[in-house]
Amino acid sequence: MSRYTTHAELAERFGTPLYVYDAERLDAAREDLFRWLPEGTEVFYAFKANPHTGVVRALREGDGPACRPEISSTGELAAALEAGYEPASVLYTGPGKTPGELREAVAAGVRLFSAESLTDLEHIGEAALAQGVVADCLLRINSATGSATTGIRMTGKPTQFGIDSETVADLAPSFLAVPGTTVVGLHLFSQSNARDEEALTGELLHSIELAARIQDELGVPLRLLDIGGGFAAPYGQHGERAAYPNLRAALEPALDERFPRWREGFPQLAVESGRYLVGDSGTLLTTVSNVKVSRGKTFVVVDAGINTFGGMSGLGRIFPVSVHVEPDGAPTHKASLVGPLCTPGDMLGREIDLPGLRPGDVVAVPNTGAYGPTASLLMFLGRPAPAEALVRGGEVLSVSRITHVRVHEELGAAGGSADGSDGADTDAHG
Ligand SMILES: *Cc1c(COP(=O)(O)O)cnc(C)c1O
């Protein structure tokens, strides 16, 4: 029996902590994003936000255009292939691609890479040549300036990401001469979680301007232009995904001016997104194990801590979360919400508004579809990973759990498997 009516029922059946991902919300987010964008824009989904196989499959299936995978590891590659994506649809990115990973990606049929430097481009070319193919490459550009219209001044800080925009003109001949590669376009990604439509639009317009200039400097026509993203969604708190109703009307004239043939696909326009597509699909269910008072302050201890929902503390994102119980509307009081780990760092929310809770109560943290289990400290203190359930219309489609086991390596064996260069096992981790 896979039907359910309440979250409490799911918590009872599968145990907590439990992530519930609602496929109908994935559909809605994808539909909205495509609607805000210029006609024909492609959307790369950043797997790092949530590589769960069912989630990424939902972003490919159904009505409307499919997302394309943006990945940066062999684990994410395996997740993309398992979810039925064509290798040819994949964009492989990341500042630390190893020769082993690149060989594996090329062998699997990946042909589109984002190059973060001349050396990175050479590594991609070596992997492609070794297998007798040519890799299409985007140059990832680290802009020296930000959008003037919004007042966001990105001062061109030093970063491990991308090629400094001011160096492209000088290096252009070198980029175009790397054996095993063809430079087919540009990749810009300068912001995350931009709630403000004007700010987001300003940055994307700036990316279009910059891309046009770099096209001139390179002297070759762009076939693919990925102008980045920054589409915002709430994280662990109540709230709605941002809306961008004026974005399309703002970008299309700029594209018409700078890339007169973009509507025919010269270049194909693309954006990328993680949290916007998956964030509001997720609800984290966790059970209260204890409620205690210490020197006048209440601590509610739940079975999900930063081992389950803590990646964001490492990624510098904002706590506290806002927890609600089903049904909503219970009176609230100030208390700290803490996880089960033996560290004071396991704090989900300090002195936040919580309903009156008792051991055994199940509480729900909203908007937890992005940067959940795989962005958390899953191994810390040896607790099992949370279960993850994919649901649609009151039906449970699948339930899974990541496992991690210690496997002993043979001592003295030549070559590690860290870069996959000895053909190491690459089972999907989603
Ligand atoms: C992380 C990342 C994304 C996704 O970011 P969101 O803020 O979740 O949309 C997109 N592109 C690149 C290059 C990234 O590193």
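Atoms within each ligand, like the ligands themselves, are counted from 1 in listed order.
More than 12 heavy atoms of other residues, nucleotides or ligands lie within 6.0 Å of CD in E264, so this atom counts as buried by the packing criterion. For CD of E351, the number of neighbouring non-hydrogen atoms (other residues, nucleotides, ligands) closer than 6.0 Å is greater than 12.
Interface atoms of ligand 1 facing A46, defined by a heavy-atom separation under 4.0 Å, are 3 (C), 4 (C), 10 (C). The ligand atoms of ligand 1 that sit less than 4.0 angstrom from a heavy atom of E70 are 11 (N), 12 (C), 13 (C). Which parts of ligand 1 touch E272 is read off a 4.0 Å heavy-atom cut-off, strictly below it: atoms 10 (C), 11 (N), 12 (C), 13 (C). Less than 4.0 angstrom separates some heavy atom of S273 from each of these atoms of ligand 1: 9 (O).
Taking distance alone, with nitrogen or oxygen atoms compared against 3.5 Å, H187 stays at or beyond that limit from ligand 1. Residue R140 has no N or O atom closer than 3.5 Å to an N or O atom of ligand 1.
Taking the six-membered ring where tryptophan is involved, the planes of Y45 and F47 are tilted, since the angle between them lies from 30° to 60°.
With F161, Y276, Y371, F231 as candidates, the residue nearest to atom 8 (O) of ligand 1 on a non-hydrogen basis is Y371.
Contact check on D256 versus R263 returns a salt bridge, with a Lys/Arg side-chain nitrogen under 4.0 Å from an Asp/Glu carboxylate oxygen. Residues E209 and R258 are paired through a salt bridge, judged by an N-O separation under 4.0 Å between the basic side chain and the carboxylate. Checked for salt-bridge contact, R35 and E31 miss the test: no charged N lies under 4.0 Å from a carboxylate O. R140 has no carboxylate O lying under 4.0 Å from a charged side-chain N of D120, or vice versa, which leaves the two without a salt bridge.
Within the 4.0 Å heavy-atom criterion, both parts of R275, backbone and side chain, lie near ligand 1. Neither the backbone nor the side chain of A49 has a heavy atom within less than 4.0 Å of ligand 1.
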